[in-house]
Protein chains: 2
Amino acid sequence: MGVVTKIKPSTALKAGAKKGKAPIIHDLPLGQIIKDDCINAMKQLPDACVDMVFADPPYNLQLGGDLLRPDGSQVDAVDDDWDKFDTFATYDRFTEAWLAEARRILKPGGSLWVIGSYHNIFRVGSTLQDLGYWILNDIVWRKSNPMPNFRGTRFTNAHETLIWAAKDEKAKYTFNYRAMKTLNDELQMRSDWTIPICSGQERLKRNGVKAHPTQKPEALLYRILLATTNKGDVVLDPFFGTGTTGAVAKRLGREWIGCEREQKYIDVATQRIEEALPLDESALKTMQSPRSAPRVAFGQLVETEMLKAGTKLFDKKRKNQVLVRADGSVEGEHGNGSIHKMGAAAQGQSSCNGWTYWHYDDEQTKSMKPIDHMRQNYLLANEA
Amino acid sequence: MGVVTKIKPSTALKAGAKKGKAPIIHDLPLGQIIKDDCINAMKQLPDACVDMVFADPPYNLQLGGDLLRPDGSQVDAVDDDWDKFDTFATYDRFTEAWLAEARRILKPGGSLWVIGSYHNIFRVGSTLQDLGYWILNDIVWRKSNPMPNFRGTRFTNAHETLIWAAKDEKAKYTFNYRAMKTLNDELQMRSDWTIPICSGQERLKRNGVKAHPTQKPEALLYRILLATTNKGDVVLDPFFGTGTTGAVAKRLGREWIGCEREQKYIDVATQRIEEALPLDESALKTMQSPRSAPRVAFGQLVETEMLKAGTKLFDKKRKNQVLVRADGSVEGEHGNGSIHKMGAAAQGQSSCNGWTYWHYDDEQTKSMKPIDHMRQNYLLANEA
DNA sequence: CGTTACTATGAATCGCGGC
DNA sequence: GGCCGCGATTCATAGTAAC
């Protein structure tokens, strides 16, 4: 990238004041960060000038008080002003404004990506449909290491949602099917992607604290850019932050434009992108890793009625017996709990592999089989 | 289930015509399918009468013929660009109408589940937020065996999205945290669920063809009902279809009410639910969270001599030690008080869960166990 | 130097009942 | 409605310290 271009909003507004709008810049600020509100910044760009827009807008989290971990430490929450909106209506107006500008500057064959959580993604999705965008996929980013739900009040929030949309229903968008299939071990790339959150070396810090509260993993952008842009394409990110989009675009030979209001983020992003980022092996591996190995919980066999609640399980010698309950726990004379815990209790040991210890009577073969046998069948039937 | 009750819309409309609305039915039609449009059907139910609503609404935004306006008039078949907005607006009105009725009939502590895909879920999510529902989680159903994208033009659509919402922000909803954790091999249940699509024996057929185009797997409803309802709760499904909700509800000892317009689906569902077998009591028992379990005071363990006064309790590292006193308080170098207070004092923290902090030496297994283990045994021994 | 143990942390809408 | 006390609650990584 070159020097950061700051298109001063004051200048733009002054120049455009006569006609009520800012002048259009026809020489695209490639590899540059426009220091401005993204709506103002995009207004200065001509129609149909970018191939893709990736946007990570504020989520409007509406968090309450403090949250403590069980060990008493405090969770460092997103409490920045830029994430605060008075009402849904205010948020909707903001969303409509930037989505409309983004659509205007998209080339006819361009596409849009937006990431969000349940707090905002339904607003975003509805609005972009209303504006005429045509949704191509919704993609689930499954976090392999999400933050747990510390109070045990809900399901662990373990994913975020992305929407991929074309400019309109008839648009001929870019999708590199072959590249995706290759990336996924010769299987079609699915709409759910398992990628770790951004941490470790990749997480940018200033003075020892995270530079930005919501930095996205490069692996996510890598897959998006590889899938839906071509080399040399222009990618615009209206909420540039620490510049993950720019960094990955540079590495993959795509052109980029960023919009960012806050100087501290611009500084971090500028330095990050200037530093040549060699694709080290481990990073590449993470980015290309296909879905994780399937893990089967005992409860799944109960849910799917492969093993019905109420079934009796035995050890190999039929000395101990337990009853399967609806939630996948088992109950016997030593109490109740997981198959592993109860296997251990039955033997007076501290641990036990319940999958091989407990058996069921197999109707078909008229014989006793370890429940692990059933797990293998489940895997065979559902993960092939 | 008994006989299918058909509350004739004509009767209802006639009877209510004088005052402009249908009469309210105070005797809930439990275990019955109301043959009517779900909006009309729900209007006949009193306020705050059901514990949970599970809805699988239609999302064929383009097929106007299948969609009724809230006022009962038919939607014009549309496929022209100019009418897109009208299509969305019409769908939104329909969505708002049934979601509003669902909210009205929900008890204060009740909750709503809706399933959808990217075609409709953003409309549904926005609308329910606008109506005052409070989203608790969005859940991703990862299909382990989705239909491939034959043309290779997009990512394989391998998931559907569910929204779980409480009636309002302050509502005290039901969440069986312990049961979910047990079901998932002692790890918190995440927001992404891997469940196979409905096929094989489970897929209902008539004359060799599938009875319903979007039959949901029972495993999905099983998890939903186990997680967010209690035994005996009333579950209403406004788009009953082949009655998956009813079949699983019956199996899990929940009451159910269905709404369905088409006789062919009512026939299939009726037969299916009649054949479904309820689980017996012991299999239905699930791991309870201490919150919902009958409260066991530490003193009760001492009273019943499960834990004798004078017993020594340790933290996991045996660094701190306290003595159990006859009144259920404990005494150590930091003074005396409840197990929680002394656990906090021993660690210099403001709070502590004494049940998991303090341990005792278990004679049987010759190992150290948290006193919570003893409480579990107490609960089991005294379970009704 | 290798292995183990401990610590830190991440887009989070994270109690409840009695007075 | 506010305040206060009881008591329930965490998973995967990465980095650092201890052994």
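The structure displayed is predicted, hence computed values, not measured ones.
With dT13(C), dT10(D), dA11(C) as the choices, the nucleotide that has an atom nearest any side-chain atom of P148(A) turns out to be dT10(D). Of the candidates dA8(D), dT10(D), dC14(C), the closest approach to any side-chain atom of T153(A) belongs to dC14(C). Of the candidates dA11(C), dT10(D), dA12(C), the closest approach to any side-chain atom of K181(B) belongs to dT10(D). Nearest to the side chain of R151(A), among dC14(C), dT10(D), dT13(C), sits dC14(C). Distances from the side chain of S199(A) to the nucleotides dA14(D), dC11(D), dA12(D) place dA14(D) closest. Residue V78(A) places its side chain closer to dA11(C) than to any other of dA11(C), dG7(D), dG15(D). Considering only side-chain atoms of Q201(A), the nucleotide from dA12(C), dA8(D), dG15(D) that sits closest is dG15(D). With distances taken from any side-chain atom of Q188(B) to the nucleotides dT9(C), dA8(D), dC11(D), the minimum falls on dC11(D). Among the nucleotides dA12(D), dT10(D), dT13(C), the one closest to any side-chain atom of L187(B) is dA12(D). Closest approach to the L63(A) side chain among dT13(C), dA11(C), dT9(C) is made by dT13(C) (side chain taken as heavy atoms from C-beta onward).
We find that D130(B) and R123(A) are joined by a salt bridge, their nearest charged nitrogen and carboxylate oxygen being less than 4.0 Å apart.
In this structure, the ring of Y265(A) has its center no less than 6.0 angstrom from the ring center of F240(A). Y360(B) and F314(B) have their aromatic ring centers separated by at least 6.0 angstrom. In this structure, W82(A) has its ring center closer than 6.0 angstrom to the ring center of H212(A). Between W164(B) and W113(B), the ring centre distance stays below 6.0 Å.
Between Y118(A) and I197(A), the residue anchored closer to the 5' end of DNA chain C is I197(A), taking for each the nucleotide with the nearest heavy atom. Residues S338(B) and R190(B) each lie close to DNA chain D; by heavy-atom proximity, the contact nearer the 5' end of the strand is made by S338(B). Looking at which nucleotide of DNA chain C each of D66(A) and D71(A) is closest to, the 5′-most match is held by D71(A).
The C1' atoms of dT10(D) and dC6(C) are separated by 16 Å, rounded to the nearest whole Å. Between dC3(D) and dT13(C), the distance separating the two C1' atoms is 24 Å to the nearest Å. Rounded to whole Å, the separation between the C1' atoms of dC6(D) and dA11(C) comes to 32 Å. Comparing the same atom, C1', in dA12(C) and in dC4(D) gives a spacing of 26 Å after rounding to whole Å. One C1' atom belongs to dC14(C), the other to dG10(C), and the distance between them is 15 Å to the nearest Å.
The pairing partner recorded for dC19(C) is dG2(D), the criterion being a Watson-Crick or G-U wobble arrangement whose two distances lie under 3.5 angstrom. Base pairing annotation: dG15(D) forms a Watson-Crick or G-U wobble pair with dC6(C), both donor-acceptor distances under 3.5 Å. In this structure, dT9(D) forms no base pair with any nucleotide, since neither Watson-Crick nor G-U wobble geometry is met with both distances under 3.5 Å. When both pairing distances are held under 3.5 Å, dT13(C) makes no Watson-Crick or G-U pair with any nucleotide shown.
No donor-acceptor contact under 3.5 angstrom links the side chains of H340(B) and S338(B), judged on distance only. Using modelled atom types and a 3.5 Å distance limit, the side chains of Y177(B) and N149(A) yield no donor-acceptor pair. A donor-acceptor contact closer than 3.5 angstrom links the side chains of R272(A) and T244(A).
Between I135(B) atom CD1 and dT13(C) atom P there is a gap of 11 Å when expressed in whole angstrom units. Atom NZ in K170(B) sits roughly 13 Å away from atom C1' in dC14(C) (whole-Å rounding). Atom CE in M147(A) sits about 18 Å away from atom P in dT9(D), given to the nearest Å. Between the P atom of dA12(C) and the CG atom of N145(A) lies a distance of 12 Å, rounded to the nearest Å. Nucleotide dC14(C) holds its P atom 8 Å from the CD atom of E169(B), rounded to whole Å. Counting to the nearest Å, the C1' atom of dA11(C) and the CG atom of L61(A) are 5 Å from each other. As rounded to whole Å, 12 Å separates atom P of dC14(C) from atom CG of L68(A). Going from atom NZ of K341(B) over to atom P of dA8(D) covers 17 Å, rounded to whole Å.
Within 4.0 Å (heavy atoms only), N149(A) reaches at least one base atom of the nucleic acid. Counting any heavy atom pair closer than 4.0 Å across all strands shown, T156(A) reaches no nucleic acid atom. Across all strands shown, D76(A) has heavy atoms under 4.0 Å from sugar-phosphate atoms exclusively, and none from any base. Note on S117(A): nothing from the nucleic acid sits closer than 4.0 angstrom, heavy atoms only. In this structure, P217(A) reaches neither bases nor backbone, as no heavy-atom distance under 4.0 Å exists between it and the strands shown. Among the atoms of the strands shown, base atoms are found under 4.0 Å from some heavy atom of D56(A). Contact annotation for G65(A): base contact, defined as any heavy-atom pair under 4.0 Å involving a base atom.
In terms of polar N and O atoms assigned as donor or acceptor, the side chain of K143(A) never comes within less than 3.5 Å of the base of dA11(C) in a complementary pairing. R69(A) contributes no side-chain N or O that forms a donor-acceptor pair with the base of dT9(D) under 3.5 Å.
At dA8(D), one or more side-chain N or O atoms of W355(B) fall inside 4.0 Å of OP1 or OP2 (strictly under the cut-off). Look at R375(B) and you'll find a side-chain N or O under 4.0 angstrom from OP1 or OP2 of dA8(D). For dT10(D), the OP1/OP2 oxygens have a side-chain nitrogen or oxygen of Y177(B) closer than 4.0 Å. Note on K210(A): a side-chain N or O is less than 4.0 Å away from OP1 or OP2 of dG10(C).
When atom types are taken as modelled, the side chain of Q188(B) and the backbone of G152(A) share no donor-acceptor pair closer than 3.5 angstrom.
Remark: ring of F150(A) does not overlap the six-membered base ring of dC14(C) in a stacked fashion, as centroids less than 5.5 Å apart with planes less than 30° apart are not both met.
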